[in-house]
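Here the structure comes first, spelled out in structure tokens, and everything after it is commentary.
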Amino acid sequence: MKDHVRRGQRARNAGRWSEAFAAYKAAFDAADPTTSTERERAEIAGELGLCEVALHKYRDAAEHLAKSLEQREALPDALERRFQAGQREAVKRVATLVLSVDPPDAEVLIDGERIGRTARTYTLFFEPGGKHMVRSRAPGHADAFQGFLGVAGVEHEMTMELPRAAASSAKEASSAKDTAPATPTPLRTLPAARAQAPSPWASWPGTLRITGIAVATAGVTVGTILMVRAGKLDDDLSARRHLLQDEPSASASMCWQAPRNSPCGELARLQDARNMFGRAGLATVITGGVVGAVTAASFFTDFSFLRFKPSQDRVNVSPVANGNEIGARIEGVW
């Protein structure tokens, strides 16, 4: 391990970051708690993280630097400041998840891959731009699922509490019943009522909401494009009008009944096109806005008069505002 560290120091001082990374990675893999000190392991993890920052491997760098700074009390002040500066640089380029799990011995899987340790709180790092699914499971508890969208420089906080499983509750009730005094059983019991299949009409509000969101988004987008096109035509119209007015022979009545192939005819065509795109864009934006407002209002509407109750617990609407997007994210099952 010490040979790898010396080789990594020489390569780092010479600016050969790839060679330094390979040496510190070998030292990190060779570090054994039984043959190395806590300070040595913290220094190796921190130096490996700084090499990864220089090589733009920001996710691995954030992970190794965080592991090093967990033993900050064993590090000299100068090294601690270097590693903290590298950690700040790496965290700006990755998505951070602070995950709390109850019970603490629950198994955690990220995108189907198991984390090889159990703890009450995890600090995990991800490449930005992707959506990730977190699953937690433990014996005697129901599984918990949560998803999040990784955004660079954003720290996501997530708490997962695993409820007791129904089978476990039933088993506890059964054991309590066995210890209770015996009671006479009835001579005849009625069969349990069979659950009826949900009505197919119960799904149409969700379908209409999805359609409304799509129509509203498309309407606003298309209307905006049309209005931008109308603005461009208006700029062209103003430029051509100024050119025509600058001609020495121009007069106030020169465009009266001008032929279509004349400069005045070109102005008329531009004006007609501008008016058409402007009116169409405004109408499309208004239509999309009305559909969007009606769709948003449907989430707060009581549909009980239609003899069914919508599943309110299956829809999650959350605002989104960061450096890449602004709006609302609607997740649910319809």
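What you are looking at is a predicted structure, and each value in this text was computed from that prediction instead of being measured.
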Problem - Which residues share a side-chain hydrogen bond (donor to acceptor under 3.5 Å, both in side chains) with S36, sequence neighbours left out - result: R41
Problem - Interatomic distance, D29 atom CG to M1 atom CE [nearest 0.5 angstrom] - result: 12.5 Å
Exercise for the section: Please collect all side chain to side chain donor-acceptor pair (under 3.5 Å) contacts where either partner lies in residues 223-234, sequence neighbours excluded, each pair once. Expected result: K232-D236, D234-R274
Problem - D3 with R6: basic N within carboxylate O range, under 4.0 Å - result: yes
Exercise for the section: List the steps and the verdict of side-chain contact (heavy atoms from CB on, under 4.5 Å) for E38 and E73. Expected result: CA-CA 10 Å; E38 185 179 87; E73 65 278 356; 3.8 Å; yes
Completion exercise
In this structure, OG of S68 is separated from CD1 of I44 (nearest 0.5 Å) by 10.0 Å
Handout entry: Reported CG-to-CG distance for the pair L65 and L50, which is rounded to 0.5 angstrom
Key = 5.5 Å
Got a list of side-chain donor-acceptor pairs under 3.5 Å for residues 14-21, not counting sequence neighbours?
unit_1	atom_1	unit_2	atom_2	d
R16	NE	E19	OE1	2.8

Handout entry: Within one Ile-Leu-Val-Met-Phe-Trp-Tyr cluster: L237 and F277, side-chain cutoff 4.5 Å
Key = yes
Exercise for the section: Using atom types as modelled and distance alone, determine if a side-chain donor or acceptor of H141 lies under 3.5 Å from a backbone N or O of P139. Expected result: yes
Exercise for the section: Report yes if the side chains of E89 and R93 come closer than 4.5 Å at any heavy-atom pair, otherwise no. Expected result: yes
Problem - Heavy-atom side-chain proximity of F125 to V91 below 4.5 angstrom - result: yes
Problem - Geometric class of the F126/H132 ring pair [parallel <30°, tilted 30-60°, perpendicular >60°] - result: tilted
Only pairs under 3.5 Å count here: list side-chain donor-acceptor contacts from residues 79-86, not counting sequence neighbours, and write none if there are none.
unit_1	atom_1	unit_2	atom_2	d
E80	OE2	R72	NH1	3.3
E80	OE2	Q84	NE2	3.3
R82	NH1	E47	OE2	3.1
R82	NH2	E47	OE1	3.4

Problem - Student check: side-chain heavy atoms of I225 and V228 closer than 4.5 Å - result: no
Exercise for the section: Examine L124 and V154 and state if one hydrophobic cluster contains both, with Ile, Leu, Val, Met, Phe, Trp and Tyr joined whenever side-chain heavy atoms are less than 4.5 Å apart. Expected result: no
Handout entry: Smallest separation among heavy atoms of V134 and F148, with atom names
Key = CG2-CE2, 3.9 Å
For residues 212-223, please give each side-chain donor-acceptor pair under 3.5 Å, one per line with the distance, not counting sequence neighbours.
unit_1	atom_1	unit_2	atom_2	d
T217	OG1	I213	O	2.8
T221	OG1	T217	O	2.7

Handout entry: Intermediate values then yes/no, side-chain contact (heavy atoms from CB on, under 4.5 Å), T121 and V101
Key = CA-CA 6 Å; T121 303; V101 182; over 6 Å; no
Practice task
Compare all side-chain heavy atoms of I110 with those of I115 and state whether any distance is below 4.5 angstrom.
Solution key: yes
Fill in the blank from the handout: In this structure, CE of M158 is separated from OG of S100 (nearest 0.5 Å) by 10.5 Å
Handout entry: Atom of G281, atom of L226 and distance for their closest heavy-atom approach
Key = CA-CB, 3.6 Å
Handout entry: CA sep, side-chain torsions, deciding dist, call: F28, H64, side-chain contact (heavy atoms from CB on, under 4.5 Å)
Key = CA-CA 10 Å; F28 181 81; H64 289 131; 3.9 Å; yes
Exercise for the section: For residues E52 and E63, determine if any side-chain heavy atom of one lies less than 4.5 Å from a side-chain heavy atom of the other. Expected result: no
Cut-off 3.5 Å, no hydrogens considered: what does the side-chain donor-acceptor table look like for residues 283-295, sequence neighbours left out?
unit_1	atom_1	unit_2	atom_2	d
T284	OG1	A280	O	2.7
T287	OG1	A283	O	2.8
T295	OG1	V291	O	2.7

Handout entry: P103 and E161, any side-chain heavy atoms less than 4.5 Å apart
Key = no
Practice task
Report yes if the side chains of P128 and V151 come closer than 4.5 Å at any heavy-atom pair, otherwise no.
Solution key: no
Problem - Inter-residue atom distance R59.CZ - E127.CD, 0.5 Å rounding - result: 6.5 Å
Fill in the blank from the handout: Interatomic distance, CG@L75 vs CD@E70, rounded to 0.5 Å, equals 11.5 Å
Completion exercise
Taken in chain and number order and not counting sequence neighbours, the residues that satisfy salt bridge (charged side-chain N to carboxylate O under 4.0 Å, His left out) with K67 are none
Fill in the blank from the handout: Across all chains, not counting sequence neighbours, the side-chain hydrogen bond (donor to acceptor under 3.5 Å, both in side chains) partners of D102 are none
Practice task
Give every residue pair that meets the salt bridge (Lys or Arg N to Asp or Glu O under 4.0 Å) criterion with at least one member in residues 139-159, sequence neighbours excluded.
Solution key: R135-D143
Exercise for the section: Return yes if some donor-acceptor pair links the side-chain N/O of E43 with the main-chain N/O of E40 below 3.5 Å, else return no. Expected result: no
Problem - Hydrophobic cluster (4.5 angstrom, side-chain heavy atoms) - remaining members for M133 - result: F145
Problem - Check against side-chain contact (heavy atoms from CB on, under 4.5 Å), Y24 and R12 - result: CA-CA 10 Å; Y24 280 117; R12 180 201 61 195; 3.7 Å; yes
Handout entry: side-chain hydrogen bond (donor to acceptor under 3.5 Å, both in side chains) against H156, all qualifying residues, sequence neighbours excluded
Key = none
Practice task
Side-chain contact test, heavy atoms from C-beta onward, threshold under 4.5 Å: evaluate it for R137 versus L109 and give yes or no.
Solution key: yes
Handout entry: For the student: nearest non-hydrogen atoms of A61 and G49, plus distance
Key = CB-O, 3.4 Å
Practice task
Check the hydrophobic clustering (I, L, V, M, F, W, Y; side-chain heavy atoms under 4.5 Å; chains of links allowed) and say if V108 and L97 are grouped together.
Solution key: yes
Handout entry: Listed partners of Q71 passing side-chain hydrogen bond (donor to acceptor under 3.5 Å, both in side chains), at least two apart
Key = none
Exercise for the section: Check L162 against A138 and note the closest heavy-atom contact, atom names and distance. Expected result: CD2-N, 3.6 Å
